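Worksheet: one structure, shown below.
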Amino acid sequence: MNAPALAAGTLNPAQLEAVHHLSGPCLVLAGAGSGKTRVITHKIAKLLHTGLEPKQIAAITFTNKAAAEMRERARALVGPRAAKELVISTFHSLGVRMLRADGERIGLKPNFSILDSDDVLGVLRDCGGSSDNALARRWQWAISLWKNQGLDVDAAEAGAGSDDERVAARVMRRYQERLAAYQAVDFDDLIGLPLAMMQRDAEACARWQAAFGHVLVDEYQDTNAVQYALMKALVGCAPGSADSPPGRTPFTAVGDDDQSIYGWRGATIDNLKRLPREFPALKVIALEQNYRSTGHILRAANAVIASNPKLFEKKLWSELGEGEPVKVIECDSEEHEAERLVARIQALRGGKVGEGGSMKFADIAVLYRANHQARVFEQKLRAAQIPYKVSGGQSYFDRAEIKDLCAWLRLIVNNDDDPAFLRAVTTPKRGIGHQTLAALGEFAAKRKESLFEALFAPTLAAALKGKAIDGLHEFGRYANELEHRARHTTGSEDAKALLLQWLQDLRYEQYLYDSEDSDKLAQARWSNVLDFVDWIARRCGGEITQEGGTFESERHSVFEVAQTISIIISIAERGEDSDVVTLSTLHAAKGLEWPHVVLAGVNEGLLPFKGPETKGPLAASPPPPEGVESPGRAGSTQEMSAERLQEERRLMYVGITRAQRTLAVSWLKRRKRGRETVAGVPSRFLAEMKLDEVATKEDPRERLKRLRAELAARVQASEASAAKATEEVKAGAAT
DNA sequence: CATACATGAATTTTT
DNA sequence: TTCATGTATG
């Protein structure tokens with residue numbers, strides 16, 4: 001992917017300018033497919049060349065995947081030694097690094113733990129005294145948005161406009177107290193607390209400002225207010241250092257306002273608007289040559305985005321020729337859409353669409369607005385025996401069995417991590433039930449201690465029955481022992497032995513088989529667990545055997561590895577190289593590209609998305625009074641806000657610009673709405689694409705072929721399922 | 001009253 | 001797909 005059309009090592013004039021502007025603040029407006037990663041990596045190389053140490057260069061991204069990719073690209077340019085030392089990390093990892101080093105200055109123990117969003121949800125349910133998941137999730141969203149805007153509890157409370165918001169603010173106050181008691185932080189704190197630390201502690205602030213000689217920020221348009229503040233603090237705009245500015249650290253922000261699609265989670269384009277004002281010396285460079293798409297595709301993209309107000313003028317062009325016209329596909333229903341799509345994929349495979357010969361499945365992507373749209377496509381692709389993957393499927397680390405084990409690791413790393421304690425103490429079940437834990441919780445709360453600390457209090461005996469106490473003590477002793485061993489076990493071999501022993505102690509495998517009614521599922525989970533063990537063990541270093549020999553790498557204790565666990569990337573998306581069609585949401589597709597792209601469900605209401613009601617985190621707008629019909633139902637009377645519409649338009653723009661060679665856009669003439677089907681309206685964005693040739697109707701011959709293929713697929717599918725069924729019966733009989 | 005099953009509805013996502 | 005709600009049954 002991202003194959004540059006230029007000869008290796010060559011940059012176009014705009015790219016060169018961006019790379020060579022080293023002395024001051026620089027904003028690179030990188031249009032889609034304009035070679036932005038190239039610019040960043042070349043700039044890193046250039047900075048090294050001018051004498052900066054690798055560890056003085058910070059490149060900040062949003063995802064671990066992007067960071068890994070960037071390091072990889074940099075490695076090709078500057079070699080493995082330098083690449084390894086470059087500080088290429090996400091905002092969050094950088095935050096962790098800062099807090100582990102200096103968190104104590106704001107009262108955070110160095111071994112604080114990081115709550116993932118499920119943990120947070122649990123704590124919030126607890127704090128709010130509600131078992132309603134949906135409600136807790138709204139609180140979670142609201143609190144996260146507040147934090148992303150840099151608001152603390154007091155500010156949130158003061159700004160709360162509705163009753164719902166006041167409740168959320170109250171829950172937030174208790175939530176923050178809990179976090180402090182647990183010595184835990186949530187993901188948003190990983191940005192906010194380092195910022196607070198720099199603002200409150202001049203010494204640490206100066207040290208971090210001196211640490212970097214240049215700061216690069218990728219996907220700058222996705223930054224939120226707090227991330228921007230942290231960036232400014234790092235480059236020397238923090239209040240604490242105003243008296244002695246020895247010159248700010250130069251920085252490079254790279255982004256594209258036309259691809260800003262995360263406003264709903266706190267990203268703000270204000271950060272782009274403010275940059276020229278707050279850094280008058282800012283050099284703005286636009287990258288407008290596109291190396292990805294052909295003329296028809298690019299023209300459609302430009303035409304759509306032209307309807308948005310412009311922050312910076314920018315128009316993409318390419319030298320790749322006109323290519324194929326964009327195709328519009330009209331469909332009778334979602335099923336019909338999926339079938340026509342399958343037909344198209346088969347045609348592409350046969351080399352009948354576009355000029356190219358045999359296409360790989362991996363060259364094709366189907367993009368849509370909302371996850372649930374994938375369902376029909378999956379069904380039809382399976383029926384046609386076309387391999388596919390769905391992006392954004394739940395990550396490896398979301399799986400229950402992995403979370404179980406992570407809870408144990410978190411607990412030994414930070415004994416005060418109560419959510420981890422609760423999960424670990426109950427998995428596997430060891431006869432410690434709700435009663436016991438509730439009593440322990442009350443006891444701990446009274447003493448303002450964590451659950452684990454309370455465990456060994458001599459006075460606990462008064463609150464609990466002897467048997468319960470014994471169970472708890474047994475658990476506590478074991479956790480302590482495990483912690484001790486984890487601290488002193490290094491190297492992958494010993495680590496693996498320790499971890500396997502631990503699983504045996506827990507009888508975890510047995511537990512999986514007991515709690516899962518299908519043995520097959522239990523088996524799959526157990527194999528996940530073993531993968532996890534291997535993965536941790538590998539990170540403990542020591543002798544590693546790889547192709548090409550055996551290496552001695554730096555040794556880490558299991559304890560150290562466990563400390564980093566919640567922030568580390570999931571096991572790389574294995575099987576990424578396999579030849580499968582991609583199904584993805586538009587959001588998840590950002591930054592990726594395919595030779596052939598289909599945008600599905602480009603309907604009014606779906607692509608400029610319009611929910612049943614206007615939504616904010618807490619705007620679960622109360623139902624209108626009896627007899628009053630609220631606007632914005634089936635009839636599209638209620639207009640969405642201009643901001644919202646513009647973000648939807650940018651989403652469309654992102655979708656279009658994912659395509660390299662061919663693009664098809666499909667929409668539904670009829671949509672199901674509850675029980676009845678209603679007429680579908682093509683998205684306004686379709687008209688905005690200003691396509692001149694439109695081939696919308698299904699050709700009768702194509703239709704015949706599709707029907708025949710569909711029939712064959714059904715026969716095949718039923719045969720396959722029959723075969724599978726008999727096999728399962730056989731397998732069942734065997735066991 | 002609690003559990004089992006069916007039915008329907010569904011923004012977008014990372015850390 | 002998942003999640004929550006409603007109905008029917010014990």
Side-chain angles (χ1 to χ4, degrees), chain A residues 60-67 89-97 99 113-121 131-138 140-141 144-145 147-148 185-194 218-219 222-224 226-227 259-267 334 367-379 382 388-395 397-398 564-570 583-591 601 603 605-617 619 640 644 647-652 654-655 671-676:
Chain A
I60 308 178
T61 63
F62 275 86
T63 65
N64 288 309
K65 195 171 158 223
S89 76
T90 61
F91 270 105
H92 294 86
S93 327
L94 181 64
V96 172
R97 200 167 152 148
L99 288 180
S113 53
I114 301 165
L115 301 191
D116 72 16
S117 64
D118 278 357
D119 298 328
V120 170
L121 198 67
S131 56
D132 181 352
N133 252 333
L135 180 61
R137 234 183 279 274
R138 285 201 298 274
Q140 188 178 12
W141 190 9
S144 177
L145 275 182
K147 286 191 175 186
N148 284 167
V185 302
D186 62 27
F187 285 126
D188 300 314
D189 292 334
L190 294 179
I191 320 290
L193 291 180
D218 192 20
E219 303 283 13
D222 289 337
T223 52
N224 63 39
V226 181
Q227 285 159 340
Q259 293 186 68
S260 157
I261 55 174
Y262 285 109
W264 52 272
R265 68 176 196 202
E334 289 189 38
L367 309 181
Y368 39 79
R369 179 59 228 263
N371 280 314
H372 70 264
Q373 293 175 264
R375 214 190 90 245
V376 190
F377 292 120
E378 286 191 74
Q379 220 172 64
R382 260 200 307 268
Y388 66 88
K389 67 174 174 196
V390 185
S391 82
Q394 63 161 349
S395 125
F397 283 104
D398 289 338
T564 66
I565 215 129
S566 72
I567 201 73
I568 290 179
I569 189 172
S570 65
L583 303 182
S584 170
T585 61
L586 288 160
H587 283 93
K590 195 171 78 145
N603 275 65
L606 209 52
L607 188 33
F609 184 88
K610 190 157 55 170
E613 266 123 54
T614 51
K615 276 272 174 99
M640 61 197 314
R644 295 278 317 221
E647 185 154 311
E648 295 292 306
R649 186 176 281 116
R650 292 193 290 266
L651 206 46
M652 180 75 183
V654 165
R671 282 176 64 199
K672 275 199 275 280
R673 204 175 170 115
R675 207 157 291 256
E676 78 268 59

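In the text below, chain A, chain B and the rest are named by the order of the sequence lines, each starting its count at 1. Everything numeric in this text was worked out from a predicted model, so none of it was measured.
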Hey, is the side chain of Asn371(A) poking within less than 4.0 Å of OP1 or OP2 on dT13(B), counting only N and O atoms?
yes
Please state whether the rings of Tyr368(A) and Phe377(A) are parallel, tilted or perpendicular, taking 30° and 60° as the class boundaries.
parallel
What is the distance, to the nearest angstrom, from the CG atom on Asn603(A) to the P atom on dT11(B)?
17 Å
What is the minimum heavy-atom distance between Glu648(A) and Phe609(A), and which atoms define it?
OE1-N, 2.8 Å
Quick check: do Asp222(A) and Lys590(A) have side-chain heavy atoms less than 4.5 Å from each other?
yes
What's the CD-C1' distance between Glu334(A) and dA9(B), to the nearest Å?
12 Å
Answer with base, sugar-phosphate or nothing: what part of the nucleic acid does Asp186(A) contact at a heavy-atom distance below 4.0 Å?
nothing
From the options dT15(B), dT11(B), dT1(C), select the nucleotide whose nearest atom is closest to the side chain of Arg375(A).
dT1(C)
Glu647(A) CD to dT13(B) P, in whole Å, measures 13 Å
Please check this pair: side chain of Glu378(A) against backbone of Arg375(A), looking for a donor-acceptor N/O pair closer than 3.5 Å.
no
Which listed nucleotide (dA10(B), dT14(B), dT13(B)) is nearest to the side chain of His372(A)?
dA10(B)
Check whether any side-chain nitrogen or oxygen of Thr585(A) sits under 4.0 Å from OP1 or OP2 of dT13(B), and answer yes or no.
yes
Between atom CG in Leu190(A) and atom C1' in dT14(B), what is the gap in whole Å?
12 Å
For dC3(C), does OP1 or OP2 lie under 4.0 Å from any side-chain N or O of Asn133(A)?
no
Nearest-Å distance, CG (Asp189(A)) to C1' (dT15(B))?
12 Å
For the side chain of Arg265(A), starting at C-beta, report the closest nucleotide among dT14(B), dT15(B), dT12(B).
dT14(B)
What is the distance, to the nearest angstrom, from the CG atom on Asn148(A) to the P atom on dT15(B)?
15 Å
Rounded to the nearest Å, what distance is computed from the CD1 atom of residue Ile60(A) to the P atom of nucleotide dT15(B)?
15 Å
Value in whole Å for how far the C1' atom of dT1(C) lies from CD of Glu378(A):
7 Å
Base of dT13(B) and ring of Tyr262(A) stacked, centres under 5.5 Å, planes under 30°:
no
Do the side chains of Arg650(A) and Glu647(A) get close enough for a salt bridge, i.e. N-O under 4.0 angstrom?
yes
